[in-house]
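Treat the numbers as computed from the prediction; the structure is a model and nothing was measured. In what follows, chains are A, B, ... by sequence order, proteins preceding strands, each numbered from 1.
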Protein chains: 2
Amino acid sequence: MGVVLPVKTRRARVGSQAIAVDRIIRDDCVAAMRALPDACVDMIFADPPYNLQLGGDLFRPEGGRVDAVTDDWDRFDTFAAYDRFTREWLAEARRILKPDGTLWVIGSYHNIFRVGSALQDEGFWILNDIVWRKANPMPNFKGTRFTNAHETLIWASRGEGSRYTFNYQAMKALNDELQMRSDWVLPICGGPERLKINGTKAHPTQKPEALLYRILLATTKPGDVVLDPFFGTGTTGAVARRLGRHWIGIERESKYVAVAEERIAASLPLDESAMTVMASKRTQPRVAFGALVESGALAPGAILCDARRRWTAIVRADGSLAAGTETGSIHKVGATLQGAPSCNGWTFWHVERAGALVAIDVLRQDYLLQHGDG
Amino acid sequence: MGVVLPVKTRRARVGSQAIAVDRIIRDDCVAAMRALPDACVDMIFADPPYNLQLGGDLFRPEGGRVDAVTDDWDRFDTFAAYDRFTREWLAEARRILKPDGTLWVIGSYHNIFRVGSALQDEGFWILNDIVWRKANPMPNFKGTRFTNAHETLIWASRGEGSRYTFNYQAMKALNDELQMRSDWVLPICGGPERLKINGTKAHPTQKPEALLYRILLATTKPGDVVLDPFFGTGTTGAVARRLGRHWIGIERESKYVAVAEERIAASLPLDESAMTVMASKRTQPRVAFGALVESGALAPGAILCDARRRWTAIVRADGSLAAGTETGSIHKVGATLQGAPSCNGWTFWHVERAGALVAIDVLRQDYLLQHGDG
DNA sequence: GTATGTTGTGAATCATGGG
DNA sequence: CCCCATGATTCACAACATA
């Protein structure tokens, strides 16, 4: 029970203690999670089974039912069993997740509604549901339904108020400067990426690395600890290593563990420069407007106006603005003049430089570069 | 209670009896369904409240306020209350559905997992989940999540063994002779189709007719009876009439009933030319540069240069470029380096392949061929 | 009339840190 | 817990206005 394999394991600090990371735990997922301390991982990616291996088939292929139990009884029993299993691992997942951590689960219509309800009941707060639109799905051979061409992911924070990680600018950069949407077009895992043993696929549901790449890039930071309780062939670990995230994989079947170990050992970490992503302005150091006045970048008495020259204001010595009787911060005066609930003064106000209007945000960037607080 | 409006109602045979069709029942949906006999409708399309649980006001970057769905009919105190409501209407829906009938429900991540679990528990058998990918969704104004760009539909038969209607060839014809997939790209309801009263939208959540058109064409036969227990402004009725299906709408609010009546009376049966217009216009495949990075076609850290090797840049993990202190999209960095107002990064940037420079546009073409965005 | 620019809006669980 | 100041943030269309 609970065999910890001796991979090049490291330790990551979690509060006062440290947990071993970058390793595979060969065990049942609930048992393995029980051995982990509270609030020790930043993100969990879970690709749970669609049917339980324990108590017979949950989701039968069309016409596959053979036993004589009445429909109602059978159905209630099997859904209930799946729900129990789901609630059990979700509860453990929530316990070991840090307060501001998030959970990803992937599934299909067979199980995703059970999982979604269960995680809401456990207290998780859904942030998005994401549709993985498969570029090359398997056709519906019988022509009896719509081609099942997508899978669903749920992204949820530990609770309603938590302050989760979302690398907005990185996602925007990845999507040609447009906001990343909730529908992702990605090919299924095939070609050389698909792991094989003696010519047959090593795992029936290996996920493409591109999917995990986007997930990790969007919702974790370098150095974060990512847990995958249904590790399989270790896609999560391979991508985490490449992106400089720590990972823990839990997998019950030793043949998958072996495949995953070999795979991850062969994956190469990216170097620092390549891993860098577009930073959000929210994470940049703050510059007080007054600092621009103090440093001489903007003189007291200078005239500011908005991009269309509808309003003007005068810079005062203490870094406040005056526009008529209205005085206050660059944000407050901008908001008041427009009658808007709020205003980002940095992008609203401009100053004339060489005949053209320049947003004072540009002066702020210059200031940041000169006073080099990177 | 339960006022039946005297529209040009007809009667449809249901076994030995006949029920009044092509009419709106102004009543609570559960009460109205209770008054209908067992197994009397062929299909049910339901657009129940989503239980959005919105916080305070949300303002757009330019200062406008988002007109949110804050109506009483969308407010439930707890998930348990929403579940009770859901199970109640689903149970009645299943009773009045013919044995080979099917149910459609539309929802978002706020409610669809509750609905999906509940209908499985009630005995419905899920045939597909369908993703409506909105061509023009509302952005995420605060940059806090992925743009919520889709809604989910569930299509289910009354039970596991039922012989439901699926017009496979009609769907294939509608999709340029390719199998219709489980993800549908359709614009949201706007323009002249969006019903207004004194210039403001008549209903906050009016669905596009194209959505109902595809649903009715796929899963009903001419002459079938379609029930919509949350009728709203009557999109289901209008499309059913155009396609020669009978319909029954249930709607509690008389202002919506009035709008729907007028609308359906004005709707015309469909002629052939209109059908060809509805046929899918394939969306242009658009490849983000980031997709090449994600897919591994170009590794983070790769060096790009222009055709004459005057400038170089490094590819970062999120698909942005870095050249010295300059960072941004392939287009922006290309433009900045050249001092040009704009630049097509696809043709400007090159990568070395077998000793020769290849424009990254070539990689894009390869990507399209391999992943054939259909 | 044509081209261009401005404004409005859609089922939305939409901020963060310091005092 | 609340309150306040700072300041980050939008895509595709349709409708209408201006040139």
Using the [atom1] atom on both, measure [N] against [M] and round to a whole Å.
N: C:dG17; M: D:dT9; atom1: P; value: 14 Å
N: C:dT16; M: D:dC1; atom1: P; value: 16 Å
N: C:dA12; M: D:dG7; atom1: P; value: 30 Å
N: D:dT10; M: C:dT7; atom1: C1'; value: 14 Å
N: C:dA11; M: D:dA8; atom1: C1'; value: 25 Å
N: D:dT6; M: C:dT13; atom1: C1'; value: 25 Å

### Message
Closer than 4.0 angstrom, basic N to acidic O: yes or no for A:K281 and A:D361?
### Response
yes

### Task
Please step through side chain to side chain donor-acceptor pair (under 3.5 Å) for the pair A:T165 and A:K221, ending with a clear verdict.
CA-CA 8 Å; A:T165 296; A:K221 296 186 286 286; 3.0 Å; yes

### Lys NZ or Arg CZ of B:R214 over B:W184 ring: under 6.0 Å, within 45°
yes

### Task
Give a yes/no verdict on a cation-pi contact between A:R158 and A:W125, requiring under 6.0 Å between NZ or CZ and the six-membered ring centre and an angle within 45° of the axis.
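No, A:R158 does not lie over the aromatic ring of A:W125.
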
### Task
Calculate the interatomic distance between A:K332 atom NZ and D:dA8 atom C1'; express it in whole Å.
20 Å

### Query
Should the pair B:F85 and B:Y82 be assigned to parallel (<30°), tilted (30 to 60°) or perpendicular (>60°) ring geometry?
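Aromatic pair B:F85/B:Y82 classed tilted.
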
### Query
Base, sugar-phosphate, or nothing: which does A:R308 touch, judged by heavy atoms less than 4.0 Å apart?
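A:R308: backbone/sugar contact only, no base atoms under 4.0 Å.
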
### Message
What's A:R181 touching, base or sugar-phosphate or nothing? Going by heavy atoms closer than 4.0 Å.
### Response
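If one applies the 4.0 Å heavy-atom cut-off, A:R181 turns out to touch nothing in the nucleic acid.
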
Can you tell me which nucleotide in [options] comes closest to the side chain of [X]?
X: A:K281; options: D:dA8, D:dT10, C:dA11; answer: D:dA8
X: B:E62; options: C:dT9, C:dA15, D:dG7; answer: C:dT9
X: A:L178; options: C:dT16, D:dA12, C:dT13; answer: D:dA12

### Task
Would you mind calling C:dT13 syn or anti? Take O4'-C1'-N9-C4 for purines or O4'-C1'-N1-C2 for pyrimidines, and syn is within 90° of 0.
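That one's syn.
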
### Summary
Across every strand shown, the nucleotide meeting Watson-Crick or G-U wobble geometry with D:dC11 (both distances under 3.5 Å) is C:dG10

Between the base of [N] and the side chain of [X], is there a donor-acceptor distance below 3.5 Å?
X: B:R60; N: C:dG10; result: yes
X: A:T347; N: D:dA8; result: no
X: B:K207; N: C:dA11; result: yes

### OP1 or OP2 of D:dT10 under 4.0 Å from side-chain N/O of A:Y168
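The answer is yes; a side-chain N or O of A:Y168 sits under 4.0 Å from OP1 or OP2.
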
### Query
So which one's nearest nucleotide on DNA chain C is more toward 5', B:N51 or B:P137?
B:P137

### Query
Any stacking of B:F141 on C:dC14, going by centres under 5.5 angstrom and planes within less than 30 degrees?
no

